[in-house]
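Worksheet for the structure shown next.
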Amino acid sequence: MTIARLVAGRSGPVWKIHAEDTVADAVELLAERRIGALPVEDVGAEVAGIFSERDVLYSLQTNGADILRRKVRDVMTTPVITASPDQSVLEALALMTQRRIRHLPVMEDGRMIAFISIGDLVKYRIERIEAEADAMRHYIQSA
């Protein structure tokens with residue numbers, strides 16, 4: 001299964017934040033949408049970074065509450081690691097595990113077409129394993 005097939009049935013927007021927005025604005029959007037990360041847009045770059053809950057925690061620990069008034073660009077994670085639509089789910093899962101990241105922008109022709117989380121990939125794998133187990137049980141019972 002490719003990333004393209006995984007995201008094919010999705011609808012709705014990919015929530016983003018701009019690099020010049022404040023960390024407080026980004027935190028508000030994360031909380032409001034109950035999501036863990038946002039792709040960061042900037043002039044000349046569709047995805048300039050990723051802003052996540054981890055970025056907030058690390059920045060708070062280092063700089064205190066003043067971080068909320070700073071720009072997203074000051075705390076976002078860069079460089080951005082991306083996936084392509086033709087990558088397999090297992091390749092993307094391996095990449096996320098190796099790089100210790102939880103979110104990947106899916107890029108095609110220089111633009112982001114989706115934003116996936118490790119939860120999306122794990123959910124797919126669990127569904128596949130359950131389907132294979134059901135097929136095996138059916139096969140054994142019908143033999």
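- The 12-atom threshold is not exceeded at CZ of R128, counting heavy atoms of other residues, nucleotides or ligands nearer than 6.0 Å.
- A 4.5 Å side-chain heavy-atom check between I50 and P105 finds at least one atom pair inside the cut-off.
- There is no side-chain donor-acceptor pair under 3.5 Å between D86 and T2.
- Contact record, T78 with A48: CG2-O, 3.0 Å, taken as the closest heavy-atom pair.
- Both M76 and W15 are members of a single hydrophobic cluster when ILVMFWY side chains are connected at heavy-atom separations under 4.5 Å.
- No donor-acceptor pair under 3.5 Å is formed between the side chain of Q141 and the backbone N or O of H138.
- Heavy atoms of other residues, nucleotides or ligands lying less than 6.0 angstrom from CZ of R5 number 12 at most.
- Of the inter-residue distances, the one linking I129 atom CD1 with E132 atom CD reads 7.0 Å to the nearest 0.5 angstrom.
- Atoms CG and OG1, on L57 and T62 in that order, are 10.5 Å from each other to the nearest 0.5 Å.
- Note that OG of S117 and CZ of R102 are 9.5 Å apart. Values are rounded to the nearest 0.5 Å.
- A donor-acceptor pair under 3.5 Å links the side-chain atoms of S52 to the main chain of R54, judged by distance alone.
- Side chains of K16 and L38 form no contact here, defined as non-hydrogen atoms less than 4.5 Å apart.
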*List the steps and the verdict of side chain to side chain contact (heavy atoms under 4.5 Å, CB included) for M1 and L121.*
CA-CA 11 Å; M1 165 84 103; L121 303 179; over 6 Å; no

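- The shortest distance between side-chain heavy atoms of V56 and V75 does not fall below 4.5 Å.
- Applying side chain to side chain contact (heavy atoms under 4.5 Å, CB included) to F51 and the options L29, T77, L30 leaves one that passes, L30.
- Applying the side-chain hydrogen bond (donor to acceptor under 3.5 Å, both in side chains) criterion to N63, with sequence neighbours excluded, gives no partner residue.
- Linking Ile, Leu, Val, Met, Phe, Trp and Tyr residues whenever their side-chain heavy atoms come within less than 4.5 Å leaves L95 and V80 in two separate clusters.
- Residues that satisfy the side-chain hydrogen bond (donor to acceptor under 3.5 Å, both in side chains) test with T22, not counting sequence neighbours, are D25.
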Show me, pair by pair, the donor-acceptor contacts under 3.5 angstrom made by side chains of residues 108-115, not counting sequence neighbours?
none

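- Inter-residue side-chain proximity for L93 and R125 is flagged as met; some heavy-atom pair is nearer than 4.5 Å.
- The residues E130 and R137 are annotated as not salt-bridged, no charged nitrogen and carboxylate oxygen being separated by less than 4.0 angstrom.
- Hydrophobic clustering places V89 together with I101 (ILVMFWY residues linked when any side-chain heavy atoms are closer than 4.5 Å, directly or through intermediates).
- Transitive grouping of hydrophobic side chains (ILVMFWY, heavy atoms separated by less than 4.5 Å) keeps L6 and L90 in distinct clusters.
- The distance from the CD atom of E20 to the CZ atom of R73 is 4.5 Å, given to the nearest 0.5 Å.
- K123 and D120 are not joined by a salt bridge, as no carboxylate oxygen comes within less than 4.0 angstrom of a charged side-chain nitrogen.
- Within the 4.5 Å cutoff, no side-chain heavy atoms of V106 are placed close to those of S84.
- To the nearest 0.5 Å, atom CD of residue Q98 and atom CD1 of residue I81 are 10.0 Å apart.
- Here the side chains of V7 and I116 are in contact, with some heavy-atom distance below 4.5 Å.
- Contact check on D21 versus K71 returns no salt bridge, with no Lys/Arg side-chain nitrogen under 4.0 Å from an Asp/Glu carboxylate oxygen.
- If you chain together hydrophobic residues whose side chains sit under 4.5 Å apart, Y58 and L60 never meet in one group.
- Under the 4.5 Å side-chain criterion, counting only non-hydrogen atoms from C-beta, V40 is not in contact with V47.
- Between V23 and S59, every side-chain heavy-atom pair lies at or beyond the 4.5 Å cut-off.
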